[in-house]
S.K.: 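Take this structure first; my questions come after.
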Amino acid sequence: MRLAGRLGGAAVSLLMVAVLGFFLFRVVPGDPVVSMTRGRPTTAAMQAELRTQFGLDRPLVEQFWHYFTGLLRGDMGTSFTFRRPVADVILERLGPTLLLVGTSTLIAVVLGLWLGVRAAWRRDSGFDRATTGVSLTLWAVPTFWLGMLLMMATGDLFPSRGMRDTDTAPDFVSQALDVGHHLVLPSLTLVAVVCAEYVLVMRSSLLEEMHAPYLTTARAKGLRDDLVRRRHAVPNAVLPAITLVFLRFGLVVAGAITTETVFSWPGLGLLFYDALTGPDYFLLQGLLVVTAGAVVVMNLLADVLHGVLDPRVKVV
Amino acid sequence: MIKPSLELKNLSVHYGHKRVVHDVNLALEPGQTLGLAGESGSGKSTVAMSVLRLLPRTAHVEGEILLDGDDVRTMSWGRLRAVRWASASIVFQGAMHSLNPVQRVGEQIAEPMRLHGTGGSVGELLEQVELPLGKARAYPHELSGGQKQRVMIAMALACGPRLVIADEPTTALDVVVQAQVLGVLKRLVAEQDLGLLMISHDLSVLAETCDDLAVMHRGELVERGRTREVIANPRHPHTAALTAAFPVIGDPAHRWAEPAPEPQPLLEVRDLAVDYGRTRAVDGVDLTIGRGEIVALVGQSGSGKTTLARTIMGLRTPSSGRVIFDGVEVPRKGKALKAFRRQVQLVLQDPASALNPRHTVHDAVAEGLRVHGLADDEESQVTAAVERAELRPASLYLEALPHELSGGQQQRVVIAGALVLQPRLLVADEPVASLDASVRGEIVALLLRLRRELGLASLIITHDLGLAWQIADRVAVMHQGKIVEQGSVEQVLLNPTHDYTRALLRAVPQV
């Protein structure tokens, strides 16, 4: 029953996202047709024609109905700038983003949790101070600046623009190697920035558990220190971190706007940036729905998983 | 001569310059049962933890700790791990997170057996502590306090140690469950001829279980002897204070409440029922508290005492029935309810968690005044209340934060916070349960003095029949939402008529 409740909650959130996505872009100031045709000489007749073409001359309720039924079919309208369906544009950019942000989040999670555990277990040691200090510094540094710094520091070692070179052989292995090569700098930047959060959450969560009486019980049983940590302390301390990880996974889809822009990575982040500079209303609307939807779904997954991992929480 | 299974020679423990255990000498022969009594901060738990070298790194330990003749202090880590749990094990206070919350209890019991390569089965161990086999698959939060404590005992016996150390094994359990757990522990220690070192602040619990008794005070061992003799003829004044602090039911010397004349009713509860969903927590209760009268509401946890108290205070709406205060039905909402609440104040069990750690004593006491808009002349009202609660002179305490005060002083602050509103009825939920024995007596005396001087009536909610004997004029016994017996203290506690009252009285450990 609890699971049904959560599912219902998620469904309601998704509906809100859809509604918000529509009205948010109707209340922002500025005429979409004007911004669409900016810099080009247009007559009032041409503008009126564009209005009709995008359905902007209909009453708001009708527009919403058109948008909403379209959304259910997977149709999110047509992008002004790309002159193509929004759904196609987003789908095309989803792969590169999942590759970049997915890879770096995975690395950041594993590395961050491991560092956090080590740091907490040896609190106030040199290792702890170094880890915490470096994490906090990297977290505080602006992403674009770090990215540019990395570009300069590595020189010509790694490519710093795009996802693949045009002159790479078409076979799978060389393509994969090429993409991997391009992936190094942007993912390094992202890991450096994101990792800190996991380090700090894991560290503080484990520090809270460090004085838990059940760890004394475990030591009294004769367990080695690393077993006390692995079997008893970490399974309890990791629970809050798991929730955070999944919330972050939700944001993976939104891409990393700054990183993708700095490295011209052809993902959703860069698309967001382009759509904003337009501004391309239908594209922004579609991006909002997709990214917010991903956060809602991941939230739901985090809830369910928390229930599986923590017997005290009954979800299913 | 038999080699002692545990021998402490000149044991001292320091944390920096702070000395917590000083020069303790103690020996325990195989199969011997020894109780170690003392208040919080007396160093008794430090002694227990030092036996398996479980003290934090910052502890500086001197002297010898001989476990079967081997010094634990100088053992290699490998040897120490082999000795832990196999030679001596510890029954921790199970209700307090001593079990891993995300691991099944069967797995936790089996862990030391696998680790030390000893035989035996979880099923047998559970049977010994009288738990059904199916409980092995339960997680700690699915078990009651008593069941968790049985799991702790089963776990302690898993590797067949010759010595068991029990650290406050029944604290926080109610009296009936405590009696059951002590019964199991006593039986197993006798059957398997185990040595037992039991630590408690409660002399009566130790008297039930141990042949010998040692008393610690401020880090030193002040007395040691046969339990009966120590309790009957305490040689050290601290031991005498400890024995005096636990009231013996039926002993006139422990009856502190002076007889009160037949009082006028202040609060009347008529046929009150409270439901939580489909569960009836309070079922047709009639109860009267007179002006200046102290009534003890006793019963096990889950009997509905706290729900009844909350309803009386207007914090819960009853399903049916009436609560009449000073001749008027208690209002259920609005300004009138707020005005009623001022006259009935609550004192909770654990002052440390009842006080906001960042509020000074002044803030804590003045809060009620501010809530009720009575803050004019706040300074003098707060000072008066704090002094009434016997924190004198008030100026010494007003700017203090809770952590700078002792447990007894914290409880006085909570009481001052209630007194400042000049209530007519005090509802106290286990007011002394988390306090040390010596402080406990002072708080009881304070409540009695408030009654004498201010005519303040009290409803004392407790599972401690000794406290009821000490302080109350009348006792009401609550069981499964109903009041099964009520009357004067002498009547109910000395000549109980209901079976449940008799069962409660039987469960009280006898000194």
Side-chain angles (χ1 to χ4, degrees), chain A residues 1-2 5 113 117 120-128 202 205-243 245 302-316, chain B residues 45 48-49 51-57 77-105 107-118 137-143 148 151-152 155-156 158-159 161 164-165 167-168:
Chain A
M1 280 325 280
R2 293 287 301 279
L113 296 189
V117 168
W121 204 251
R122 297 263 169 268
R123 188 186 188 172
D124 289 337
S125 63
F127 181 84
D128 178 27
M202 190 66 215
S205 167
L206 188 59
L207 281 180
E208 249 170 60
E209 293 293 325
M210 288 280 278
H211 299 287
Y214 62 80
L215 295 186
T216 310
T217 310
R219 281 200 190 91
K221 283 173 175 177
L223 257 65
R224 283 199 320 273
D225 214 37
D226 60 320
L227 282 180
V228 173
R229 182 174 67 209
R230 209 164 63 225
R231 278 197 207 158
H232 294 278
V234 172
N236 279 284
V238 85
L239 294 173
I242 294 275
T243 313
V245 166
D303 275 352
V304 172
L305 194 74
H306 197 238
V308 172
L309 290 176
D310 189 342
R312 286 164 296 183
V313 183
K314 283 218 169 61
V315 183
V316 195
Chain B
S45 285
M49 290 299 129
V51 173
L52 290 184
R53 216 160 101 189
L54 289 167
L55 294 172
R57 267 171 239 274
W77 278 103
R79 172 96 184 98
L80 178 68
R81 281 198 300 268
V83 164
R84 282 177 175 176
W85 223 253
S87 300
S89 62
I90 305 184
V91 178
F92 293 97
Q93 199 179 321
M96 302 298 292
H97 314 292
S98 291
L99 292 165
N100 185 341
V102 302
Q103 213 176 55
R104 295 183 196 279
V105 295
E107 172 57 29
Q108 298 188 53
I109 296 173
E111 189 176 32
M113 297 198 277
R114 261 188 276 114
L115 193 73
H116 294 281
T118 51
R137 291 191 50 76
Y139 288 100
H141 72 279
E142 295 166 337
L143 302 176
K148 273 189 267 195
V151 167
M152 291 304 301
M155 197 155 87
C159 298
V164 171
I165 299 165
D167 190 3
E168 301 274 7

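Values below: every heavy atom of this structure, side chains too, minus hydrogens, waters and symmetry copies. Quick note on labels: first sequence line is chain A, next is B, and so on, each numbered from 1.
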S.K.: Quick one: CD on Gln108(B) to NE2 on His232(A), what's the gap to the nearest 0.5 Å?
M.R.: 6.5 Å

S.K.: So which atom in Leu52(B) and which in Ala220(A) form the shortest heavy-atom distance, rounded to 0.1 Å?
M.R.: CD1-O, 4.2 Å

S.K.: Under a 4.5 Å heavy-atom cutoff, which of Gln103(B), His116(B), Glu111(B) has the most pairs with chain A?
M.R.: Glu111(B)

S.K.: Got a second to check how far Arg224(A)'s CZ is from Leu115(B)'s CG, nearest 0.5 Å?
M.R.: 8.5 Å

S.K.: If I take atom CG from residue Asn100(B) and atom CG from residue Asn236(A), how far apart are they, to the nearest 0.5 angstrom?
M.R.: 4.5 Å

S.K.: Using modelled atom types only, decide if a donor and an acceptor are shared between the side chain of Arg219(A) and the backbone of Leu54(B) within a distance under 3.5 Å.
M.R.: no

S.K.: Can you tell me how far CH2 of Trp85(B) sits from OG1 of Thr217(A), rounded to the nearest 0.5 angstrom?
M.R.: 6.5 Å

S.K.: Any donor and acceptor pair, going by atom type alone, linking the side chain of Lys221(A) with main-chain N or O of Met155(B) inside 3.5 Å?
M.R.: no

S.K.: Calculate, to the nearest 0.5 Å, the distance between atoms NE2 and NE2 belonging to His211(A) and His97(B) respectively.
M.R.: 15.0 Å

S.K.: Kindly give the heavy-atom pair with the smallest separation between Pro101(B) and Pro311(A), and that separation in Å.
M.R.: O-CG, 3.8 Å

S.K.: Any idea which of Leu309(A), Thr216(A), Leu239(A) has the most non-hydrogen atom pairs under 4.5 angstrom with chain B?
M.R.: Thr216(A)

